[in-house]
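Worth knowing before you read on, the calculation uses all heavy atoms, side chains too, and leaves out hydrogens, waters and symmetry mates.
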Amino acid sequence: MSGIIEKLARRTPVSVLFAVMLSVPARSQEPELPPALPPPASLEIANVPEIPEHIAAGLKKYRKIGSTVFLDWAPTSEAMLVSSTVEEIAQLQFITRPRGRPLQITYSPDPIENGIFRPGSADILFSRDLQGTEEFDLFLVKSRTSEIVNVTTGGGRNISPVFSPDGSMLVWSHADAGSADFSIVLAALSDPAQQRVIYHGSGYWVPTDFSPDGKYLVLRNQRHRSDADLYLLDLASGVITQVDFDPKPRGRSKAKFSTDGTTLYFLRDDDSEFNNLYGYDLAAGEKRNFTADLEREIDTFDISPNGRLVVLSYNENGASQLRLIRTESGLSLPVPGLRGGVVTRIAFSPDSKRIAISYSASLSPENVFVFGAGRRSLRRWTSTRLTGLNSRKFVEPQSFTYPGFDETDKGQRRISGFLYRPSGRGPHPVVIYFHGGPAFQFRPRFNSMFQYWVNDLGIAVVAPNVRGSSGYGKTFEQLDNGRGRADSIRDVGALLDWIATQKYLDANHIGTYGTSYGGYLSLATMMHYNDRLAGAAEMSGISNIATFLDNTATWRRDLRRQEYGDERDPAMRAWLQATAPVNHVEKFTNPLLIIHFRNETRVPVTEALQKYDGVRSQGGMPWLIIANDEGHGFRRKSNSDFSDAAVALFFETILLGEDSPEKDGK
């Protein structure tokens with residue numbers, strides 16, 4: 001043991017250590033076999049049993065499945081840049097044709113976060129942080145020499161890089177370590193060391209696009225998720241002008257110029273439950289709504305380089321739908337071929353004839369497809385395979401709704417979710433999975449861990465989108481703000497009631513699992529409904545929103561206060577303390593698994609240690625995993641492999657017991 005775990009061990013009462021020693025069976029004289037899945041050296045572990053062979057072997061085939069994500073089209077050819085996990089971490093790859101063999105570009109010791117081509121050349125810019133700290137640096141790969149130049153050498157957080165149209169300049173957003181304020185930095189790539197701040201703002205500022213003539217830069221000032229403004233910065237004079245002034249809070253996305261520079265396209269929720277795609281005439285100061293008929297949340301969009309088409313992805317009950325819009329007439333055309341999954345990125349090719357689509361469905365991992373805008377054909381470009389697995393045995397989640405605890409003016413509120421149901425009549429034990437955010441949504445992407453639980457362990461997965469989730473309109477999304485957080489937990493209570501009415505689900509064997517804010521919900525469910533659970537697991541979970549806000553990264557704090565409440569207000573802080581799961585650990589009498597990350601800047605590791613200490617003070621022995629080389633979430637395959645195996649063992653232990661696959665001889 002070392003580090004955090006060693007420190008915890010020193011605080012353990014001698015009586016507890018003695019009891020644990022007595023519970024360990026005497027070793028036989030036979031030589032010990034190596035563990036089926038030994039933990040990586042980067043993980044610190046307490047109270048986690050050795051992973052048994054049947055789980056290590058069962059998960060191995062699922063863990064071979066990777067994913068490939070589209071990043072950018074090459075500016076002078078038909079090739080594309082993608083990100084794919086190579087052995088341990090995500091690296092950049094170059095693909096020149098459909099199903100072509102990828103050429104690996106980076107061999108980084110840390111995962112590559114993103115990548116874009118420099119206009120007019122094969123140079124590539126990518127971002128990378130050190131072991132999950134989210135203090136990103138930007139690097140330029142020079143195609144002629146293969147030299148890699150660190151463009152940002154001053155430390156801090158460097159994000160949202162944008163090239164000028166001719167590729168001669170690069171701008172990005174920079175915040176010093178510990179600062180909440182972002183500056184916009186410009187570098188001439190003829191000499192990247194020569195940099196200057198062209199705008200310094202208060203709060204969160206990022207660049208989104210250059211005007212086609214390179215004279216103006218669009219900036220977005222984000223105050224919180226549903227309140228942002230757009231500005232035009234004149235690079236010659238330094239004058240900044242607000243675009244489409246509106247004193248009311250409005251969610252605004254990235255903004256992109258039209259080819260001729262006369263129109264700015266962006267998303268905003270102007271007097272609507274959902275955002276719409278607008279074209280804003282800069283000279284006339286007039287807006288045009290291209291999606292007034294849609295009444296669905298738009299996830300992302302792109303404009304063809306010739307300016308004639310816009311492609312957008314929108315959310316239809318969790319699944320993605322695509323639409324093409326002719327900018328002149330406003331005529332909308334559906335894009336056929338992809339149904340039921342989730343689109344994460346879309347982008348027109350430089351010739352405007354094709355659209356790259358990153359797509360993941362519940363039965364298939366993320367791959368890149370290309371849609372021919374002229375021939376209206378769809379072709380798969382990458383080949384992430386399901387090696388050794390029969391996808392016909394995978395379970396597709398069913399969308400469902402259940403009655404909430406309260407009523408609206410239209411009757412009892414309905415809460416949506418997805419259900420992964422194992423084969424057979426049941427009743428099946430259940431894991432309730434909570435997504436993070438909270439302003440995110442569980443959507444039917446591929447999840448190898450869920451498929452293992454359902455197919456190999458026979459555990460059903462129920463993934464609710466309780467109030468506060470996105471995708472159902474801004475009113476629903478804001479229902480959990482501040483003290484409304486208690487109502488999202490009541491939605492979980494209503495879900496437990498609904499599970500008890502389903503004959504194929506076993507209400508006596510329920511566990512919970514959540515990541516980030518979902519980890520908070522998993523802990524809060526244990527706090528309020530402990531007698532209805534078999535146990536809870538969480539990853540990067542918030543154990544006390546007040547201490548989370550005290551310690552989260554400075555650049556995030558103001559963005560989160562609108563959602564969670566302002567911890568500086570004495571009344572709000574008192575409420576946050578009174579409702580914090582860590583302050584009610586006496587109710588945590590069921591098994592608990594805690595997973596966290598040493599380099600967390602969003603939900604600092606102190607959130608894990610205080611709940612671990614709290615449960616231990618009550619005589620509990622929670623399982624604990626801390627990754628020393630990760631930030632907010634696993635990005636290294638060996639770490640996530642062990643964590644997934646530990647989670648599987650935890651749920652097998654608390655939900656299956658004597659009925660586990662190992663004891664059944666499966």
Side-chain angles (χ1 to χ4, degrees), residues 5 8-9 11-24 45-49 429-434 459 462 485-486 488-497 499-500 505-515 518-545 547 576-596 607-626 646-660:
I5 306 304
L8 292 169
R11 292 201 295 260
T12 303
V14 174
S15 59
V16 173
L17 285 175
F18 185 68
V20 172
M21 291 170 60
L22 290 178
S23 68
V24 178
I45 297 170
N47 306 323
V48 178
V430 178
V431 170
I432 300 174
Y433 176 80
F434 301 113
I459 296 173
V462 176
R485 185 103 16 239
S488 64
I489 300 167
R490 293 187 181 99
D491 285 342
V492 181
L495 176 62
L496 292 170
D497 293 339
I499 289 173
L505 299 178
D506 185 352
N508 295 317
H509 291 83
I510 298 175
T512 63
Y513 183 47
T515 58
Y520 167 83
L521 278 183
S522 190
L523 293 167
T525 302
M526 178 88 96
M527 169 182 161
H528 289 275
Y529 307 109
N530 185 62
D531 59 333
R532 303 175 71 175
L533 298 182
E538 55 87 10
M539 180 188 296
S540 284
I542 301 169
S543 59
N544 183 333
I545 291 175
T547 58
L576 292 174
Q577 291 284 9
T579 57
V582 74
N583 292 333
H584 297 275
V585 290
E586 73 281 357
K587 299 180 180 179
F588 286 41
T589 58
N590 287 320
L592 175 65
L593 168 59
I594 301 167
I595 303 169
H596 221 98
E607 290 296 301
L609 298 183
Q610 63 187 12
K611 63 194 151 197
Y612 182 86
D613 282 345
V615 175
R616 288 289 300 276
S617 71
Q618 300 294 311
M621 294 289 285
W623 298 13
L624 177 68
I625 299 174
I626 294 179
V647 173
L649 176 59
F650 180 79
F651 285 128
E652 182 187 80
T653 302
I654 68 170
L655 298 181
L656 300 180
E658 293 298 321
D659 297 325
S660 71

Practice prompt. Measure the CZ-CE distance between Arg616 and Met621 for me, rounded to the nearest 0.5 Å.
Written response: 5.0 Å
Item to complete: I would like to know whether Ile489 and Met527 meet side-chain contact (heavy atoms from CB on, under 4.5 Å); could you show each step before the answer?
Response: CA-CA 10 Å; Ile489 300 167; Met527 169 182 161; over 6 Å; no
Discussion item. Rounded at 0.5 Å granularity, tell me how far CG in Leu533 sits from OG1 in Thr512.
Written reply: 5.5 Å
Worksheet item: About how many Å separate CE of Met526 and OG1 of Thr589, when rounded to the nearest 0.5 Å?
Response: 7.5 Å
Response to the item:
Residues Asn590 and Gly535: closest non-hydrogen pair is CB-CA, 4.0 Å
Worksheet item: Are Val647 and Ile595 close enough, and set up right, to give a side-chain contact (heavy atoms from CB on, under 4.5 Å), and what steps lead you there?
Response: CA-CA 9 Å; Val647 173; Ile595 303 169; 3.7 Å; yes
Worksheet item: Taking all non-hydrogen atoms of both residues, which atom of His584 and which atom of Ala578 are closest, and how far apart?
Response: NE2-O, 2.7 Å
Item to complete: Measure the spacing between CG of Asn544 and CD of Glu607 and express it to the nearest 0.5 Å.
Response: 6.0 Å
Worksheet entry | Distance in Å, Ile510 CD1 paired with Leu496 CG, rounded so as to fall on 0.5 Å steps | 5.0 Å
Discussion item. For a quick test of reading the model, state the closest non-hydrogen atom pair linking Ala534 to Pro591 and the distance between them.
Written reply: O-CD, 3.2 Å
Worksheet, complete the sentence: Separation between OG (Ser522) and CD (Glu538), nearest 0.5 Å, reads 6.5 Å
Item to complete: Specify the closest pair of heavy atoms between Tyr529 and Arg490, including all atoms of both residues, with the distance to one decimal.
Response: OH-CA, 3.8 Å
Discussion item. Please evaluate residues Leu649 and Trp623 with respect to the criterion side-chain contact (heavy atoms from CB on, under 4.5 Å), reporting the C-alpha separation (whole Å), side-chain torsions for both, the decisive distance (0.1 Å), and the verdict.
Written reply: CA-CA 11 Å; Leu649 176 59; Trp623 298 13; 3.9 Å; yes
Fill in: side-chain contact (heavy atoms from CB on, under 4.5 Å), paired with Leu592, selected from Leu523, Ile654, Asn47
Leu523
Item to complete: Begin from the C-alpha positions of Val48 and Phe650 and carry the test side-chain contact (heavy atoms from CB on, under 4.5 Å) through to its verdict.
Response: CA-CA 9 Å; Val48 178; Phe650 180 79; over 6 Å; no
Practice prompt. Over all heavy atoms of both residues, which pair between Tyr520 and Pro581 is shortest? Give the atoms and the distance, please.
Written response: CE1-CD, 3.8 Å
Fill in: Set of residues satisfying side-chain hydrogen bond (donor to acceptor under 3.5 Å, both in side chains) with respect to Thr579, sequence neighbours excluded
none
Item to complete: Taking all non-hydrogen atoms of both residues into account, name the closest pair between Leu655 and Val430 and its distance.
Response: CD1-O, 3.7 Å
Worksheet item: What pairs of residues pass the salt bridge (charged side-chain N to carboxylate O under 4.0 Å, His left out) test when at least one of them lies in residues 521-533, not counting sequence neighbours?
Response: Asp497-Arg532
